[in-house]
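Each remark here refers to the structure printed beneath this line.
Below, chains carry the letters A, B, ... as their sequence lines are ordered, and counting in each starts from 1.
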2 protein chains.
Amino acid sequence: MKSSNNNDARYFSIDKYSCSVEATIDVIGGKWKSVIIYYLLDGKKRFNELKRLNNGITQRMLTLQLRELEADGIIHREVYREVPPKVEYSLTEFGQELRPLILMLKSWGMNNTEKVIENRSKYTNKLK
Amino acid sequence: MKSSNNNDARYFSIDKYSCSVEATIDVIGGKWKSVIIYYLLDGKKRFNELKRLNNGITQRMLTLQLRELEADGIIHREVYREVPPKVEYSLTEFGQELRPLILMLKSWGMNNTEKVIENRSKYTNKLK
DNA sequence: ATTATTAGTATATTTATTGATACTATAGCA
DNA sequence: TGCTATAGTATCAATAAATATACTAATAAT
């Protein structure tokens, strides 16, 4: 889940995992990646389209996250040599294999967020 | 995915999500949570047991993550008033609902980590 | 001539996460 | 008497993630 631009560090770190759950989290974890992948499930998107969809993400963060996903082979970056620039991002075949996982993240969230909010507020009150 | 000890902040932040994928990530994301939940899938565990299983986690981090999972209603904390102290952590019924998701994280990692490592090293070489 | 647009990069700064180390209480054991 | 074990807490330092802001090039529209 590093957002460094030192790809060597990422490369050497992934195989030190003791549990493969960690490896998956390294690929889709962090604040933005799984949401970016979610929006790419229904087809290619341009940079600013993704920026609008991921409410509040900065250009810098979006660029960093997209580069990491690209490095991992999850997304493809297609550059059109036009002015103004046009770059399209899409899931690779490998990235498509994340579909069931991302959809499960989505549906768990839809079904259980209310309950989590409720639990958190109870816990907070108990502490008082 | 905050690890602050300001529970109000967590409470107020979760419902600002534009996509429910974000909400799920907030519950199971971060470096340790999903792995902790994974180890709890096969039954209750004591604090130091979890510490040994989560290779390299510090006591402080383990405590913080467990408290957040408890606040969200994912795990139950059972304190035995003994000396030396004994505390057992287990999944709640609500936490059990994460089982399919965690198992999918596990299997995706098992099936695809090799490929990710390969992709990362190719990408790194391409940059040179 | 000015302004808007796109997909970024560069730089600096703030905030969050993670880690290292030392410390606690009390019972049991040698 | 001193050592071990457990489940932490407290404090401080280091690292990583996230944000804010300004900047770029080239064209097309106003």
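Nucleic acid contact for B/Y80: none, since no nucleic acid atom lies under 4.0 Å from a heavy atom of the residue. Using a 4.0 Å heavy-atom cutoff across all strands shown, A/R77 reaches sugar-phosphate atoms only and no base atom.
In this structure, A/L66 places its CG atom 15 Å from C1' of D/dA18, rounding to the nearest Å. In this structure, CD of B/Q65 is placed 13 Å from C1' of C/dG19, rounded to the nearest angstrom. With rounding to whole Å, A/L64 atom CG is found 14 Å from D/dA16 atom P. Between the NZ atom of A/K31 and the P atom of C/dT15 there is a distance of 13 Å, rounded to whole Å. Whole-Å rounding puts the B/M61 CE to D/dA7 C1' distance at 17 Å. Atom pair A/N54:CG and D/dA18:P shows a separation of 12 Å (rounding to whole Å applied). Spacing between atom CG of B/D26 and atom C1' of D/dA17 amounts to 15 Å, rounded to whole angstrom units. Rounded to a whole Å, the CD atom of B/E88 is 9 Å from the P atom of D/dA7.
Here the side chains of A/I28 and A/L105 are in contact, with some heavy-atom distance below 4.5 Å. Taking 4.5 Å as the limit, some side-chain heavy atom of B/R67 sits within range of a side-chain heavy atom of A/Y123.
The residues B/K122 and A/D72 are annotated as not salt-bridged, no charged nitrogen and carboxylate oxygen being separated by less than 4.0 angstrom. With respect to the salt-bridge test (charged N to carboxylate O, under 4.0 angstrom), the residues B/R99 and B/D42 do not qualify.
Hydrophobic clustering, with ILVMFWY side chains joined whenever heavy atoms are under 4.5 angstrom apart, keeps B/V116 apart from B/M110.
OP1 and OP2 of D/dT27 both lie 4.0 Å or more from every side-chain N or O belonging to A/R81. At C/dG8, none of the side-chain N or O atoms of A/K86 fall inside 4.0 Å of OP1 or OP2 (strictly under the cut-off).
Within residues 45-52 of chain A, the residues approaching DNA chain C are A/R46, A/F47, A/N48, by heavy-atom distance under 4.0 Å.
If you take CD on A/E70 and OH on A/Y89, they are separated by 7.0 Å, rounding to the nearest 0.5 Å.
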Any chance you could lay out the salt bridge (charged side-chain N to carboxylate O under 4.0 Å, His left out) test for A/E88 and A/R46, step after step, and finish with the verdict?
CA-CA 5 Å; A/E88 277 178 351; A/R46 295 181 64 178; 5.9 Å; no
Salt bridge (charged side-chain N to carboxylate O under 4.0 Å, His left out) between A/D26 and A/K33, worked out:
CA-CA 10 Å; A/D26 192 81; A/K33 282 182 182 176; over 6 Å; no
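Across all their heavy atoms, A/K44 and A/S90 have their closest contact at CB-CB, 3.8 Å.
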N/O to N/O distances under 3.5 Å, protein versus nucleotides 20-30 of chain C:
none

